[in-house]
Amino acid sequence: MNSKILKVVGLRYSSSSSAYIFLASIHVYYIKAATMATTSIPITTLTPHHRIPHIPTNKDRYFSNHPTILLINQSSNPKQLKQIHAQMIRNGLFYDPFSASVLISAFALSNLQDVKYAHKLFDQMPQPNLYTWNALIRAYSSSKDPVQSLFMFIQMIHGCNEVVPNKFTYPFVIKAAAELLDRRVGEVVHGMAVKMSFGSDVFVLNSLIHFYASCGCLDSAYRVFLNIQVKDVVSWNSMITGFAQGDRADDALQLFHEMQGEGVRPDEVTMMSLLTACTKKLDLEIGRWVHSNIEKNGIKGRLNLNNALVDMYVKCGSLEDAQKLFVKMPEKDIVSWTTMLVGYAKSGHFINAKRHFESMPKQDIAAWNALISAYEQTGNPKEALAIFNELQVSNKAEPDTVTLVSTLSACAQVGALDLGCWIHVYIKKHKINLSCHLVTSLVDMYSKCGDLNKALEVFSSADCKDVFVWSAMIAGLAMHGNGSDAIELFKKMQESSIRPNGVTFTNLLCACSHTGLLQEGRDFFKKMKPVYGITPGVKHYACMVDMLGRAGLLEEALSLIKTMPMPPLASVYGALLGACKLHGNVEVAEEASARLLELEPSNHGAYVLLSNIYAKSGMWDKVASLRKRMKDVGLKKEPGCSSLEVNGVVHEFVVGDNTHAQSKLIYGKLNEVFEKLKSIGYEPNRSQVLQCVEEEDMQEQALHLHSEKLAIAFGLISLTKSQPIRVMKNLRVCEDCHNVAKMISKVYDREILLRDRYRFHHIKAGVCSCKDYW
DNA sequence: GTAGGGTTAG
């Protein structure tokens with residue numbers, strides 16, 4: 001333990017051993033506090049107070065009935081409380097411990113909470129009594145800064161105070177440890193509580209259940225639970241909640257049955273936890289059963305319970321039940337309205353959602369967020385951006401982190417770099433805290449909008465880097481084809497002792513696959529389970545199949561599929577099929593597409609790829625019959641669509657598009673481009689014509705009218721030479737377009753960034769970053 | 001001479 005830190009804290013060494021262990025276990029917080037030069041929180045908290053000596057008088061006993069004291073509980077705002085405080089200093093009442101404690105708990109605990117003010121009062125108290133200590137520890141435990149509870153607790157057991165923690169103190173301190181998710185601290189406090197013979201206090205034990213469950217130690221929590229001699233309803237609830245939130249819904253339900261068997265009457269909280277369990281399990285039937293149970297038992301707390309019920313129905317997919325309940329709810333609050341709004345929006349009932357939104361009594365930021373994120377998550381990023389724009393214009397609510405995260409994700413999807421940058425500036429201007437979540441969104445947005453340098457800049461300057469931030473950056477490097485940088489970053493991530501998760505590996509394997517780093521990829525895949533403890537999932541196998549397939553090892557890819565411990569999803573065969581296209585392997589392609597169509601009969605990608613493969617081998621009859629089969633099944637393919645942003649406006653093009661205001665200019669430019677390219681030897685790729693006929697349209701010139709060509713032509717006429725042309729395409733880019741883009745970059749001296757469904761192509765001076773390997 | 005543990009939207 002650092003003696004400097006001890007000095008900061010002002011502690012004495014002559015402490016009991018358990019207290020010392022406690023101190024040691026929270027030393028990391030002290031280090032943090034001591035290194036925070038600007039925030040004075042721990043310092044002010046821990047500087048010895050200047051205490052005015054208390055002179056007891058025999059009038060003390062009258063103070064509890066003093067009119068000023070009675071006023072405290074009647075005051076309705078902090079200002080009044082402060083006036084009372086002033087008066088109490090004047091008349092000396094403040095120097096009576098009891099009177100001061102009433103005032104402090106009013107500041108610390110009432111709905112007018114101002115913990116900092118309460119703490120200042122506490123510091124001025126001549127002799128804070130145990131009640132006051134507890135009030136403050138409690139207030140901090142549920143505040144934004146639970147560490148302060150621990151600091152107070154230390155002061156309490158170390159300082160020259162005449163108070164000793166009692167059975168009230170421990171639950172608060174344990175709560176603080178739970179809030180901090182700090183297992184070591186909680187365990188030490190647990191030990192101290194036992195030593196102080198509070199080890200069988202049901203309040204202490206219940207808070208311990210909550211603590212262990214919060215830290216993910218459900219088994220420890222359950223051991224504590226089993227050890228409680230006389231369990232009350234809170235004991236059961238704490239354990240049920242622990243199971244419900246720890247993804248052990250079945251155990252939660254099982255425990256509920258046991259609880260009923262023991263004759264303990266469930267209450268509102270029990271039912272709330274059960275609903276959490278149903279919602280996690282997405283089990284509508286059990287949800288309905290809980291609903292009837294609530295009605296049958298006449299459990300109170302209608303508003304909260306009804307809100308949770310509506311949420312359960314929404315999440316379990318019964319919008320009708322949710323709506324029915326919502327309509328007949330006697331009381332509704334903003335949560336009820338928002339939950340229902342999310343229900344409409346997430347299930348794609350956008351008209352209902354908008355109508356509901358407009359009839360809401362109050363449209364707070366959460367309501368806006370519900371709309372924005374629902375649009376963004378259901379693949380309607382443009383609508384999400386429109387709502388965000390509406391929010392900005394209307395000025396009806398202030399965007400918060402959730403708003404920005406959702407909007408950034410929408411920007412990433414459509415490739416709206418200008419708006420994304422604008423949000424980044426907004427964050428800086430409003431000094432919004434760059435949480436890990438926000439950093440992840442920014443890195444993702446910049447990567448997907450093609451500005452990898454900006455993504456790297458955000459990444460390296462971020463203070464907050466969790467596994468999601470690192471994974472997003474690895475994904476960014478992967479999609480831009482910087483495989484070896486991705487691997488380097490993965491190494492750095494481990495040096496920072498951040499543990500990779502399944503997503504990290506998906507991105508890492510993807511990086512290896514895009515760059516052709518076969519040996520590295522194989523290595524990582526092999527190490528996943530034994531070294532990193534992550535069981536490879538379907539996505540990882542899909543990456544490996546893709547990687548092996550690209551390298552031409554189709555047989556090995558096939559045998560890997562056969563060893564998969566889980567049924568392969570369509571993506572696995574899709575990867576194989578893509579590889580067959582690259583290497584022109586008809587035989588394996590036929591098998592792969594057959595399997596793919598078994599899994600997803602309407603996967604047009606399978607038809608398109610297979611027909612491309614036939615075309616490449618000149619098997620035109622097969623192409624024709626495949627086309628007929630597609631028609632028979634009634635398959636319409638997703639239309640190819642490209643977009644690019646000019647001055648903050650996103651322009652969209654579909655194949656053969658002539659709806660654009662500058663359509664004539666665009667086609668004029670396109671003709672000029674083809675003249676120029678032909679003069680230097682460009683020849684349209686015939687196999688690609690067929691691909692296009694399948695892919696985009698049934699017309700002969702379809703090839704020239706591909707959406708990405710239109711978008712690039714528009715870029716040529718509307719952007720300056722210094723601005724790269726950033727085109728986002730929803731499907732894979734075809735070989736002809738890829739070739740044309742390369743030639744344009746050379747002839748017109750332009751930088752072209754082409755994002756397709758899978759990755760980025762950085763095209764400059766006739767060369768593409770993908771090395772024609774995609 | 002005051003009190004305490006478990007809960008729901010985005």
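Every value quoted in this text rests on a predicted model; they were computed, and no experiment measured them. First the proteins, then the strands, lettered A, B, ... as listed; each starts at 1.
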May I ask you to say what A:Q377 touches in the nucleic acid, namely base, sugar-phosphate or nothing, with a heavy-atom cut-off under 4.0 Å? nothing
Residues from residues 264-271 of chain A sitting under 4.0 Å of DNA chain B, heavy atoms only? A:D267, A:V269
Have a look at A:N304 and say if it touches a base, only the backbone sugar-phosphate, or nothing, with a 4.0 Å heavy-atom cut-off. base
Parallel, tilted or perpendicular for A:H257 and A:W289, by the 30°/60° rule? tilted
Does B:dT2 have A:F98 stacked on its base, where the ring centres are within less than 5.5 Å and the planes differ by under 30°? no
Of the nucleotides B:dA9, B:dG10, B:dT7, which has the atom closest to the A:N369 side chain? B:dG10
Which of these nucleotides, B:dT2, B:dT8, B:dG10, is closest to any side-chain atom of A:V102? B:dT2
Which nucleotide, B:dA9, B:dG4, B:dT7, lies nearest any side-chain atom of A:K167? B:dG4
Checking all strands, does A:K175 fall into the base, sugar-phosphate, or nothing category for heavy-atom contacts under 4.0 angstrom? sugar-phosphate
The side-chain contact (heavy atoms from CB on, under 4.5 Å) partners of A:P165 (sequence neighbours excluded) come to A:F153, A:M156, A:I157, A:T169, A:Y170
Just the rounded figure in Å: distance from P of B:dT2 to CZ of A:F168. 9 Å
Could you list the donor-acceptor pairs under 3.5 angstrom formed by side chains in residues 185-192 of chain A, with sequence neighbours left out?
unit_1, atom_1, unit_2, atom_2, d
A:E187, OE2, A:R183, NE, 3.1
A:H190, ND1, A:Y212, OH, 2.8

For the pair made of CE in A:M312 and C1' in B:dT7, what is the distance, rounded to whole Å? 16 Å
Indicate yes or no for a side-chain donor-acceptor contact from A:S99 to the backbone of A:Y95 under 3.5 Å, with no hydrogens or angles considered. no
Tell me which residues in residues 342-350 of chain A put a heavy atom below 4.0 Å from DNA chain B, sorted by number, or none. A:V342
Atom pair CZ/OG of A:F211 and A:S214 - distance to nearest 0.5 Å: 8.0 Å
Using a 4.0 Å heavy-atom cut-off, does A:N129 contact any base of the nucleic acid, only the sugar-phosphate backbone, or nothing at all? base
Can you tell me the distance, in whole Å, between the CD atom of A:Q363 and the C1' atom of B:dG10? 15 Å
Nearest to the A:T338 side chain among B:dT2, B:dA9, B:dT8, which nucleotide is it? B:dA9
Can you check whether A:H119 and A:Y140 have ring centres sitting under 6.0 Å from each other? yes
How would you label the contact of A:Y170 with the nucleic acid (heavy atoms, under 4.0 Å): base, sugar-phosphate, or nothing? nothing
Are the aromatic rings of A:H85 and A:F94 close, with centres under 6.0 Å apart? yes
Nucleotide B:dT2, atom C1' - distance to CG of A:L70 in whole Å: 13 Å
Out of B:dG4, B:dA9, B:dA3, which has the shortest distance to the side chain of A:D311? B:dA9
Using whole Å, report how far CZ of A:F357 lies from P of B:dA9. 20 Å
Would you say whether A:F172 stacks on B:dG4? The test is a distance between ring centres of less than 5.5 Å and an angle between planes of less than 30°. no
Any residue meeting side-chain contact (heavy atoms from CB on, under 4.5 Å) with A:L303, in chain and number order, not counting sequence neighbours: A:N307, A:M329, A:E331, A:D333, A:S336
In terms of side-chain heavy atoms of A:R138, which of B:dG10, B:dT8, B:dA3 is nearest? B:dA3
Select base, sugar-phosphate, or nothing to describe what A:V202 touches, counting heavy atoms under 4.0 Å on all strands. base
What is the distance, rounded to the nearest whole Å, between atom CD1 of A:I72 and atom P of B:dT2? 16 Å
Rounded interatomic separation in angstrom, taking CG from A:D96 and P from B:dT2: 14 Å
From B:dG4, B:dA9, B:dT8, pick the nucleotide closest to the side chain of A:D201? B:dG4
Qualifying salt bridge (Lys or Arg N to Asp or Glu O under 4.0 Å) pairs, either residue in residues 390-411 of chain A, two or more places apart: A:K354-A:E390
Would you say the side chains of A:E320 and A:Y313 form a donor-acceptor pair under 3.5 Å? no
Using whole Å, what does the distance between atom P of nucleotide B:dG10 and atom NE2 of A:H437 come to? 13 Å
Taking the six-membered ring for Trp, are the ring centroids of A:W368 and A:F388 within less than 6.0 Å of each other? no
Closest to the side chain of A:A370, out of B:dT8, B:dT2, B:dG10, is B:dG10
From B:dA3, B:dA9, B:dT7, nucleotide with atom closest to A:A366 side chain: B:dA9
